[in-house]
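Right, one structure below, let's go through it.
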Amino acid sequence: MDRTKRPPVVIANWKMNKTLQETTTFIQKFVSKLNHQSSQAYIAVSFTALKTAADLVKNSPVVIGAQNVSDQPSGAFTGEISAGQLRDAGAKFVIIGHSERRKYFKETNAMINKKIKLALSSGLKTVVCCGETLEERKAGKSEQVVEEQLKEGLSGISPEQCSSIIVAYEPVWAIGTNVAATPEMVQEVHLFCRTKLAAQFGDRIADQMRIIYGGSVKPDNCLPLMQQKDIDGLLVGGASLEVNSFSEIVNFDLG
Ligand code: PGA
């Protein structure tokens, strides 16, 4: 398969885990295990660990980023962190619209759209999450939900800006449940997303955009997922917290 157009990317989402010491130990061990060939490795650390992690990866291909960003550029928003501040702390990318943010912090597609625009204008790569709940899948609404999330989330963004966006399809029912979606199921949704992205931004841009899958990805299920034509990478939660399992996923070997 020709992967040159869309080099595979494997992203760790550490969520609310790891102290500075644990971050340091992980990154030092992880960097020594990389084969540098299969995929690019990104790690989304806690805000508090950004600077430490960014300094540690300086001479390696690992990319450090954040898990959220404010939908405001600056000012009186107690507790919020802006895109500019993330850049300043060494972040190169940010995950936006994760289902945990949508569910627990009531993020809407409109808020997510504002966050994406601010992140892009600050020079952060953005990883934009979408995905249906179990009820929505059972009601046959997966495609409709994902289409709406992408359409509203990416509204008003230029095609050129879009080419650097990574879309992460994460069915909510597969996150943290040990029940990953099947490779065929994911391929079908990814192809659907690419078709919709092509309608919104043109074929050339849609062809360049990476669409990755997240939801109970483990070393023993990553290969068949990566064998699918429209799966350009993986977003890994639980299995990214251990050096061995995350490096096994990052170093996947399609043979
Ligand atoms: P999981 O989490 O790998 O633990 O299912 C994925 C995610 O929430 O990004």
Side-chain angles (χ1 to χ4, degrees), residues 8-18 22-23 26 30 38-47 49-50 53 62-69 91-107 112 115-116 119 124-134 136-137 142 145-146 149-150 153 165-183 185-186 189-190 193 210-226 228 231-252:
V9 56
V10 177
I11 305 178
N13 175 11
W14 280 357
K15 309 193 180 183
M16 200 168 64
N17 291 294
K18 295 202 190 292
E22 288 163 348
T23 301
F26 181 106
F30 176 65
S38 312
S39 64
Q40 290 177 304
Y42 284 32
I43 306 178
V45 301
S46 290
F47 291 135
L50 274 173
V62 179
V63 181
I64 297 298
Q67 302 164 18
N68 182 30
V69 64
K92 296 272 194 296
F93 77 97
V94 59
I95 297 174
I96 296 178
H98 189 280
S99 63
E100 287 153 15
R101 303 281 332 160
R102 293 178 189 263
K103 180 175 172 194
Y104 302 122
F105 305 97
K106 310 285 173 253
E107 287 192 11
I112 288 162
K115 291 182 180 212
I116 297 170
L124 287 167
K125 254 187 182 306
T126 65
V127 179
V128 179
C129 301
C130 62
E132 79 285 359
T133 61
L134 189 58
E136 288 163 343
R137 175 159 282 264
S142 307
V145 168
V146 168
Q149 288 171 335
L150 289 180
I165 290 177
I166 297 171
V167 170
Y169 169 56
E170 295 206 302
V172 180
W173 48 271
I175 296 176
T177 56
N178 274 326
V179 186
T182 67
M185 227 181 229
V186 180
V189 179
H190 283 209
C193 291
R210 286 179 287 189
I211 306 178
I212 67 175
Y213 166 76
S216 299
V217 172
K218 307 279 180 242
D220 61 5
N221 63 14
C222 64
L223 261 187
L225 286 162
M226 286 309 301
Q228 300 292 323
I231 303 183
D232 306 314
L234 303 163
L235 181 51
V236 190
S240 73
L241 293 171
E242 298 294 330
V243 175
N244 285 345
S245 51
F246 188 55
S247 54
E248 253 188 79
I249 299 172
V250 169
N251 292 331
F252 69 83

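Both backbone and side-chain heavy atoms feed into the values below; hydrogens, waters and symmetry mates do not. Numbering of ligands and ligand atoms starts at 1, following listing order.
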**OP:** Check the surroundings of atom NZ in Lys15: do more than 12 heavy atoms from other residues, nucleotides or ligands lie under 6.0 Å from it?
**Re:** yes
**OP:** Would you check ligand 1 and list the protein residues that come within less than 4.0 Å of it by any heavy atom, ordered by chain and number?
**Re:**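 Only Asn13, Lys15, His98, Glu170, Ala174, Ile175, Gly176, Gly215, Ser216, Leu235, Val236, Gly237, Gly238 have heavy atoms that fall under 4.0 Å of ligand 1, ordered by chain and number.
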Original post:
Who are the ring-ring contact (aromatic ring centres under 6.0 Å, His included) partners of Phe93, not counting sequence neighbours?
Top reply: Tyr42
Original post:
Who pairs with Trp14 by ring-ring contact (aromatic ring centres under 6.0 Å, His included), at least two apart in sequence or on another chain?
Top reply: Phe26
Enumerate, atom names and distances included, each donor-acceptor pair closer than 3.5 Å involving a side-chain atom of residues 218-225, sequence neighbours excluded.
residue : atom : partner : partner atom : Å
Asn221  : OD1  : Lys218  : N            : 2.7
Asn221  : ND2  : Ser216  : O            : 2.9

Subject >> Pairwise distance CG(Asp232) to CD1(Ile212) - rounded to 0.5 angstrom >> reply: 9.0 Å
Original post:
With a 3.5 Å cut-off and no angle check, do the side chains of His98 and Gln67 form a donor-acceptor pair?
Top reply: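 No, no side-chain donor-acceptor contact under 3.5 Å.
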